[in-house]
Amino acid sequence: MLARTLTGRLLRPRFAPSLAALRGYSSRASAAVTATDIPIDEDTPRPASPVGVGVGAAAIAATLPTVLQPRVLIYDGVCHLCHRGVKWVFKADKHAKIRFCCLQSKAAEPYLRLVGMDREDVLRRVLFVEGPEAYYEGSTAALKVASYLPLPYSVLSSLLIIPVPLRDAAYDYIAKNRYDWFGKGDKCLVTKDQELLERFIDREEMLGGGPSNSSY
């Protein structure tokens, strides 16, 4: 199958080719990528830093994923409500199908480029990147995540039958007021629950105390 590559400043992140035919195609995402045949696995090891790269650049490159992983939920890492939701998914997802990434981390950047979104977009609506041609925002993202959970939690995905404008109206109202109602941290809250980091694609940044540990 065809795989999708991204043109990054330091690395060229890639999805495994087995994901290229996933449902939910978005023309918005396709504008940000080019197609090429790349036989690669999801677990391909990260290459060593090239000779001649500066120390600072090499340090950043080491924290960026060489291969973009599927089923990644990118969320506002300083939002208490969002953090509670991530903890709930973590516990419910017994088969570890979902991966997470704090919006404030460097590791989120290749995914944002893939779908043609910026950080402000994801601050308004959570982002779920299912694959190179399938991504979802807001209420649809949350319910798509639920569809990967075991029963009885996956039943929540049946709410997808509700028209998107109605679902997103409720979602947007809560999202707009989430800081006032639930609070906001000074840094990514997952650093206080490090047992969750095993499923975070940006765990190296979180543990290393780099720029991803603070609000941008």
Side-chain angles (χ1 to χ4, degrees), residues 1-38 40 42 44 60-61 63-79 82 85-86 89 93 97-148 157 160 164-165 167-168 171-172 175-176 178 188 190 199-203 205 211-212 215-216:
M1 293 186 181
L2 292 180
R4 299 284 177 169
T5 62
L6 300 175
T7 55
R9 293 185 179 90
L10 298 173
L11 297 174
R12 300 184 63 190
R14 297 172 289 183
F15 271 102
S18 60
L19 300 171
L22 284 174
R23 64 188 183 282
Y25 173 77
S26 169
S27 58
R28 183 179 182 183
S30 64
V33 296
T34 56
T36 184
D37 292 312
I38 301 178
I40 188 168
E42 294 177 22
T44 300
I60 294 175
T63 63
L64 291 177
T66 304
V67 180
L68 292 188
Q69 300 183 43
R71 302 182 301 278
V72 175
L73 180 66
I74 302 175
Y75 72 101
D76 181 4
V78 300
C79 167
C82 303
V86 166
V89 172
D93 185 14
K97 293 182 178 181
I98 306 299
R99 294 291 181 266
F100 307 96
C101 182
C102 291
L103 172 63
Q104 288 80 6
S105 73
K106 287 287 185 181
E109 293 178 358
Y111 294 88
L112 297 180
R113 290 197 298 270
L114 175 77
V115 302
M117 296 174 64
D118 57 34
R119 294 182 189 274
E120 290 299 321
D121 294 325
V122 183
L123 279 177
R124 288 189 292 268
R125 291 181 174 179
V126 69
L127 172 66
F128 180 51
V129 181
E130 190 176 40
E133 294 182 350
Y135 74 96
Y136 309 94
E137 306 171 64
S139 64
T140 302
L143 296 176
K144 280 290 183 178
V145 168
S147 72
Y148 283 97
S157 64
L160 286 166
V164 174
R167 284 192 278 107
D168 278 346
Y171 179 97
D172 291 342
K176 183 179 179 179
R178 68 187 188 278
C188 292
V190 70
R199 298 187 200 170
F200 274 71
I201 65 170
D202 51 349
R203 59 186 175 275
E205 290 185 56
S212 64
S215 178
Y216 56 89

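This chain uses plain numbering: 1 for the first residue, then up along the sequence. In this text the structure is predicted, and so the values were computed from the model without any measurement.
Put simply, the side chain of Asp202 gets close to the backbone of Cys102: a donor and an acceptor are under 3.5 Å apart. Of the possible polar contacts, none joining the Glu137 side chain to the Arg125 backbone as a donor-acceptor pair under 3.5 Å is found. The backbone N or O of Ser139 lies less than 3.5 Å from a partner atom in the side chain of Asp168, making a donor-acceptor pair. Side-chain atoms of Glu205 come within 3.5 Å of backbone N or O of Lys106 as a donor-acceptor pair. The main-chain N or O of Leu112 is never found under 3.5 Å from a side-chain atom of Tyr135 such that the two would form a donor-acceptor pair.
Note that CG of Leu123 is 10.0 Å distant from CE of Met117, once rounded to the nearest 0.5 Å.
The cationic group of Lys144 lies under 6.0 Å from the six-membered ring centre of Tyr136 and within 45° of the ring axis, placing it in a cation-pi geometry.
Summarising the geometry of Gly77 relative to Gln104, their closest heavy-atom pair is N-OE1, 3.0 Å, with the distance given to 0.1 Å.
Residues passing the ring pair (Phe, Tyr, Trp, His ring centres under 6.0 Å) test with Phe200 are Phe100, sequence neighbours excluded. Remark: Lys97 pairs with Arg71, Asp93, His95, Tyr148 by the side-chain contact (heavy atoms from CB on, under 4.5 Å) rule, at least two apart or across chains. Residues that satisfy the side chain to side chain donor-acceptor pair (under 3.5 Å) test with Ser157, not counting sequence neighbours, are absent from this structure. Here Ala175 pairs with Tyr171, Arg178 under the side-chain contact (heavy atoms from CB on, under 4.5 Å) rule; sequence neighbours left out. Taking the side-chain contact (heavy atoms from CB on, under 4.5 Å) definition, one finds that Ala142 meets it with nothing, sequence neighbours left out. With sequence neighbours excluded, no residue forms a salt bridge (charged side-chain N to carboxylate O under 4.0 Å, His left out) with Arg203.
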